[in-house]
Amino acid sequence: MTFLSIDAISKSYGQTVALDTIDMTIEAGGRTAIVGPSGSGKTTLLRIIAGFETPDSGALVLDGRTLANHAALVPAHKRGIGIVSQDGALFPHLTVADNIGFGLRKHAADRDGRIAELMEMVELDGIMAARRPHQLSGGQQQRVALARALALKPRLMLLDEPFSALDTGLRETMRRTVARVLRASGTTAILVTHDQAEALSFADQVAVLRQGRLVQFGPPRALYGKPRDRETATFLGEAILLDADIASGRAECVLGSLSVETGLKVGQATIMLRPEQIRLTAAIAGAEGPVGHVDDVEFGGGNCMVLVRIDRSDRAMPDFLSIKCVGFEIPEPGDLVQIKVHGTAHVLAD
Ligand SMILES: Nc1ncnc2c1ncn2[C@@H]1O[C@H](COP(=O)(O)OP(=O)(O)O)[C@@H](O)[C@H]1O
Ligand SMILES: [Mg+2]
């Protein structure tokens, strides 16, 4: 069932088009990630949903109720929407407990109990309750911000790059905590992030924004496997992009003839392979299929980048491919390797 419907929302600031006719529907209990480069309109979209900005045109409907169109506007505090921003935006003069309990009634009998429960939910030690924000680490501050937003039992939670100031390890822990808390409370959530791993693992729907436009919207697997264009392909992960000639379900390219999904395009196009579709094995003399020489290996721990040179009799210049390999099966520079491709290549639309 559609819970939030974003219907042809546009917003400009002077000459800057921040959002250009955005359409999106979000299911109840769903988790949506919005990704896109800086300035693509992610925050503007969240602020319009939250009610801090008014769209120039379009409509916003939450659970059957119109929150905004050019005629009607429900104020932010009456929308039942929680928001956690990048910096947490805690009240510096209030203790952790008072920050979390800010929206709760002052003299409610269960106030302290509820604050304790929220602290437990976001895995904050009870001894932190009396501290002030400056006495907390970045991760702890974000937990307080999350608990404060959850205190109001929002129907929709908006998270605007809430983990971006945290270290990698902490980000992952926080992401899992947030996903678990939201799932447990059945809260629909929209997460803005510039981290592809975060988007793909957190969400059941990913929206790609660029220059105020919605470039692609769909489940993480679909976007990762079948991105529309180059930018989306490379944003969502390592991509091997090759020029190809497409005809009847085959792509002729530097790696020979690969199978592609049919019906999309014929003639010249760009195809994409994900590195996990490629296996490099020691080449045996006379073996079929494409071979190359390992030119360079960039050690990266668990994952290594292997630069493979493919010499072609019909061209003056060799082709180079960067292929990500898992650490225990990396070849050495100078090795002759066979390049095996698994699955189908994806043809980019643009
Ligand atoms: N209050 C504002 N006044 C003027 N321009 C703004 C305002 N808010 C955002 N913009 C502009 O709108 C565009 C989208 O901004 P924003 O939504 O913050 O992008 P993102 O969150 O994806 O980085 C940018 O070009 C930004 O400069
Ligand atoms: Mg932003």
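Any value given below was found using the heavy atoms of this structure, including those in side chains, with hydrogens, waters and symmetry copies removed. Just follow the structure's listing: the first ligand is 1, and inside any ligand the first atom is 1.
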Using every non-hydrogen atom in the two residues, find where [X] and [Y] come nearest and quote the distance to one decimal.
{"X": "F217", "Y": "L223", "result": "C-CD1, 4.0 Å"}
{"X": "T95", "Y": "A130", "result": "CG2-O, 3.6 Å"}
{"X": "P331", "Y": "V337", "result": "CB-CG1, 4.0 Å"}
{"X": "V215", "Y": "L209", "result": "CG2-C, 4.5 Å"}

For this session: Going by heavy-atom distance to atom 24 (C) of ligand 1, choose the closest among S12, G39, G14.
Result: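 The option holding the nearest heavy atom is G39.
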
With the threshold set at 4.0 Å, does a side-chain nitrogen-carboxylate oxygen contact exist between [X] and [Y]?
{"X": "R274", "Y": "E238", "value": "no"}
{"X": "D311", "Y": "R309", "value": "yes"}
{"X": "K226", "Y": "E261", "value": "yes"}

Exercise. Are any of the heavy atoms in P37 under 4.0 Å away from ligand 1?
Worked result: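 The answer is yes: ligand 1 sits under 4.0 Å from a heavy atom of P37.
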
Problem set entry | ligand 1 contacted by G36 (non-hydrogen, < 4.0 Å) |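 The answer is no, since G36 has no heavy atom less than 4.0 Å from ligand 1.
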
For this session: Would you mind listing which atoms of ligand 1 come within a distance below 4.0 Å of any non-hydrogen atom of S40?
Result: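 Close to S40: 19 (O), 20 (P), 22 (O).
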
Exercise. So which bit of T44 gets within less than 4.0 Å of ligand 1, heavy atoms only: side chain, backbone, both or neither?
Worked result: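 Both parts.
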
Exercise. Any nitrogen or oxygen of K42, main chain or side chain, under 3.5 Å from a nitrogen or oxygen of ligand 1?
Worked result: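 Indeed, backbone or side chain, K42 has an N or O that close.
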
Whether the [X] and [Y] side chains hold a donor-acceptor pair (N or O, under 3.5 Å, no angle test) is what I'd like checked.
{"X": "T193", "Y": "E198", "value": "yes"}
{"X": "T188", "Y": "R155", "value": "no"}
{"X": "T43", "Y": "D160", "value": "yes"}

List the closest protein heavy-atom neighbour of [atom]: residue, atom name, distance to the nearest 0.1 Å.
{"atom": "atom 18 (O) of ligand 1", "result": "T43 CB, 3.7 Å"}
{"atom": "atom 9 (C) of ligand 1", "result": "Y13 CE1, 3.4 Å"}
{"atom": "atom 12 (O) of ligand 1", "result": "A18 CB, 3.5 Å"}

Problem set entry | Exercise check, heavy-atom protein proximity under 4.0 Å to atom 5 (N) of ligand 1 |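 Flag for atom 5 (N) of ligand 1 set to true, protein heavy atom closer than 4.0 Å.
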
Exercise. Within 4.0 Å of atom 26 (C) of ligand 1 (strictly less), any protein heavy atom?
Worked result: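 There is no protein heavy atom less than 4.0 Å from atom 26 (C) of ligand 1.
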
Problem set entry | Stacked cation flag R210 on F235, 6.0 angstrom / 45 deg |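 R210 over F235 ring: no.
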
Problem set entry | In the protein, N/O/S atoms that are found under 2.8 Å from the Mg ion (ligand 2), waters not counted |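 Those protein N, O or S atoms (cut-off: under 2.8 Å from the Mg ion (ligand 2)) are T43 OG1.
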
